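The structure under discussion appears below in the form of structure tokens.
Nothing here was measured: the structure is a model prediction, and the numbers come from that model.
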Amino acid sequence: MTTGTTSPITAPPAAAARTARPAWLTDVLVVAGYLGLAAVLTSAQWGHPWRLFHQAGDQVLFEWMLAHAAHALVEGENPLYGAGLNAPDGVNLMANTSVLGLGVPLAPVTLLFGSQVSFCVAVVCCLAGTAAAWYALLRRRLVTTRSAAAVGGLICGFAPGMIAQAGAHLHIAAQFLVPAILALVFRPAPNPAHRSDDLRRFEGLRRSEGVWRSDGVWCPGVALGLMLVWQVFIGEEVLVFLALAAGVFALGYALADRAAARRLAPALFGRLAVAAGVAAVPLAYPLWFQFYGPQHYSGMAFATQGFQLDAASFTASARQTVLGDDWLPGLLSPNPTEENSFFGPGLLVLAVVIVIWQWRRPLVRALAGCGVVFALLSLGTELRVDGTATGIPGPYRLVAGLPLLDLAVPARFALVCVPVLGVLVALSLDRVRTARGPATVPGLPVRLLWAGAVAAALLPLVPTPIRVVPVAPVPAFVADGGWRPLVPPGRTVVALPPVTGAGRSAVMLWSARTGLAFPAPGGYFIGPSGPDDPAARWGAPDRPTSVLLRRVAESGAVPVLTDADRRQAVEDLRHWRAAVVVLGWLEHGDPVRRTVDDLLGPGRPVDGGWMWDVRDRVR
């Protein structure tokens with residue numbers, strides 16, 4: 001007999017359609033979750049303009065770069081060169097981390113809300129964008145369940161190394177193009193019938209082919225070339241690591257499945273050739289400018305090989321996690337921004353189990369090999385364990401002299417392990433979810449057991465909001481434009497002390513927060529050691545007055561000056577084309593003020609500091 005009611009188990013199709021969640025809505029919720037987490041992690045800076053993330057100097061650098069990109073767009077200036085710093089020589093920004101690939105898209109934010117808001121938005125986009133991009137790649141190519149892809153994306157975007165880099169190095173944290181580039185490099189084989197089950201999953205058999213099918217070379221090659229151009233303007237370092245990791249992975253996959261490698265190689269090399277040709281055109285002039293343009297340099301301004309990880313760091317907890325502290329990470333990593341491993345014992349044990357469990361899959365073997373290679377390289381030239389040098393040569397010694405690798409920071413090789421672990425965890429969750437074998441072990445479902453194991457491994461890695469430190473505000477005399485009537489075109493504002501290094505000179509922060517309103521000497525950048533010496537160094541060569549005032553700012557001791565010191569000060573101000581000299585807040589501000597009074601004559605107080613008008617003395 002038929003009744004007017006329906007069973008809740010057999011609801012009509014129309015009702016099911018009304019209650020089922022659209023697939024796209026799940027994707028939106030996942031991405032919104034990533035954005036929310038990134039916003040929480042940057043929350044200590046929102047609404048607090050005089051706070052910076054813990055590595056304050058690096059944030060000032062990138063705030064200035066974002067402000068420069070917006071300024072160059074508005075004024076129609078060369079974005080590869082900055083005349084606002086290091087007066088009178090300027091800065092080769094293509095040879096520095098100018099992040100134009102972020103600064104140009106964020107220019108409206110920078111112009112409307114300022115460099116600090118733009119920097120925080122960039123950090124949120126880098127973290128959430130990287131996680132979302134890996135989620136999309138996993139969901140489209142590697143796994144069948146959104147929950148597995150979401151967890152994998154979470155690891156790839158919010159691992160301790162990503163959080164450590166995000167607070168300081170935008171060019172490293174911005175990895176949202178990496179999954180897209182990999183998706184274009186590793187394309188499907190021409191004949192799906194000839195693929196193994198693993199290749200069917202890995203090569204994206206579930207996606208829509210459309211025009212991108214083509215011959216597997218031209219369309220993906222063009223798209224890949226454009227992606228490479230964008231990545232160069234975000235950060236060349238990530239592109240170098242990506243190329244190395246993709247090469248190691250491809251070699252591992254070829255060893256695991258030679259037949260598949262032979263089928264895929266022709267199209268893969270064809271795509272790379274097309275991409276190289278496409279990228280060469282727009283990159284020709286920027287790369288020439290980087291290596292041969294004004295203020296180019298050679299080598300690096302610091303000993304990169306000294307930045308390596310301790311072997312014990314891989315099982316430790318990073319500072320920016322719920323279990324982290326300051327002492328142990330400081331012992332096991334070169335500084336707070338290079339905590340690129342710190343995966344904790346649980347996640348590493350989980351990864352070993354996954355590799356053993358799914359060893360028969362060529363994809364898993366290739367991932368495992370790639371992760372191990374880059375983990376070993378991150379240990380540098382000499383193995384250290386628990387802060388103690390063992391004298392055992394590190395694997396990095398084998399490649400330290402190779403071009404490009406001789407300029408790489410070894411500690412950052414461990415960042416390659418982040419997506420390796422994220423993909424392995426996603427593959428395992430997907431395999432458990434879709435397995436056809438026994439669904440339970442005595443007493444508990446397999447899915448629940450494995451989900452609990454993954455949760456136990458990841459919970460200690462839950463990130464905490466990025467730490468902040470206070471910064472002296474921009475003097476109102478500078479911020480409100482009180483200097484404008486005193487600084488004619490072609491002249492500069494000299495901030496005290498006029499030295500390189502954001503930790504000692506406020507000029508980059510003042511410049512960034514005022515939208516590059518005035519040119520200034522000094523700054524935090526890499527340039528040549530002199531007009532005839534291209535060796536890299538931080539900032540411009542010191543002037544005698546810079547050295548003198550830096551010493552006073554550091555020690556607080558007022559020196560006894562001579563007429564020669566006073567003449568040299570005027571000569572240095574001439575070199576900088578100074579119009580006004582401004583002192584904001586400094587720990588030893590009074591000794592610096594008294595010293596400058598002795599050098600230049602009495603200054604006058606202005607809103608937020610002191611000012612010396614040197615227009616009549618510097619012609």
Rounded distance (nearest 0.5 Å) linking atom [atom1] of [X] with atom [atom2] of [Y]:
| X | Y | atom1 | atom2 | result |
| --- | --- | --- | --- | --- |
| Ile526 | Gln295 | CD1 | CD | 13.0 Å |
| Leu516 | Glu75 | CG | CD | 10.0 Å |
| Tyr524 | Leu61 | OH | CG | 6.5 Å |
| Gln320 | Met162 | CD | CE | 14.0 Å |
| Tyr292 | Leu287 | OH | CG | 10.5 Å |
| Leu111 | Leu66 | CG | CG | 11.0 Å |

Would you confirm whether [X], through its side chain, and [Y], through its main-chain N or O, come within 3.5 Å as a donor-acceptor pair?
| X | Y | result |
| --- | --- | --- |
| Asp58 | His169 | no |
| Asp480 | Gly482 | no |
| Tyr297 | Ala95 | yes |
| Arg574 | Val618 | no |
| Arg51 | Gln45 | no |
| Arg467 | Val469 | no |
| Arg513 | Pro49 | yes |
| Gln308 | Glu382 | yes |
| Thr42 | Cys120 | no |
| Asn340 | Ala414 | no |

- Verdict with reasoning, Leu573 to Leu600, per side chain to side chain contact (heavy atoms under 4.5 Å, CB included): CA-CA 10 Å; Leu573 289 170; Leu600 304 176; 3.5 Å; yes
Going by the angle between their ring planes, with limits at 30° and 60°, are [X] and [Y] parallel, tilted or perpendicular?
| X | Y | answer |
| --- | --- | --- |
| Tyr34 | Tyr135 | perpendicular |
| Phe413 | Phe374 | tilted |
| Trp288 | Tyr285 | parallel |

- Message: Before you tell me yes or no, could you show the steps for Phe53 and Val123 under side chain to side chain contact (heavy atoms under 4.5 Å, CB included), namely the whole-Å CA-CA distance, both residues' side-chain angles and the distance that decides it to 0.1 Å?
- Response: CA-CA 11 Å; Phe53 289 140; Val123 173; 4.3 Å; yes
Contact check, side chains of [X] and [Y], non-hydrogen atoms, under 4.5 Å:
| X | Y | value |
| --- | --- | --- |
| His71 | Thr110 | no |
| Pro497 | Leu586 | yes |
| Val592 | Leu583 | yes |
| Phe518 | Val478 | yes |
| Leu182 | Trp134 | yes |
| Val468 | His48 | no |
| Pro498 | Leu496 | yes |
| Phe233 | Leu80 | yes |

- Message: Under 6.0 Å between ring centres: does that hold for Trp483 and Phe477?
- Response: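 Judged by ring-centre distance (under 6.0 Å), Trp483 and Phe477 do not meet the cut-off.
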- Item | Centroid separation Phe302 to Phe307 less than 6.0 Å |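 Yes: the rings meet the under 6.0 Å criterion.
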Taking all non-hydrogen atoms of both residues, which atom of [X] and which atom of [Y] are closest, and how far apart?
| X | Y | value |
| --- | --- | --- |
| Ala87 | Thr492 | CB-CG2, 3.7 Å |
| Val60 | Leu509 | CG1-N, 3.5 Å |
| Leu170 | Ala122 | CD1-CB, 3.9 Å |
| Val185 | Arg271 | O-NH2, 2.8 Å |
| Ile172 | Gln175 | O-NE2, 3.0 Å |
| Cys370 | Val416 | SG-CG1, 4.0 Å |

With a 3.5 Å cut-off and no angle check, do the side chains of [X] and [Y] form a donor-acceptor pair?
| X | Y | result |
| --- | --- | --- |
| Glu63 | Ser115 | yes |
| Gln165 | Glu338 | yes |
| Thr514 | Trp510 | no |

- Please lay out, stage by stage, how Trp64 and Leu93 fare under the test side chain to side chain contact (heavy atoms under 4.5 Å, CB included). CA-CA 11 Å; Trp64 193 90; Leu93 297 179; 3.9 Å; yes
- Task: Applying side chain to side chain contact (heavy atoms under 4.5 Å, CB included), run through Val178 and Cys156 and close with a yes or a no.
- Result: CA-CA 11 Å; Val178 169; Cys156 294; over 6 Å; no
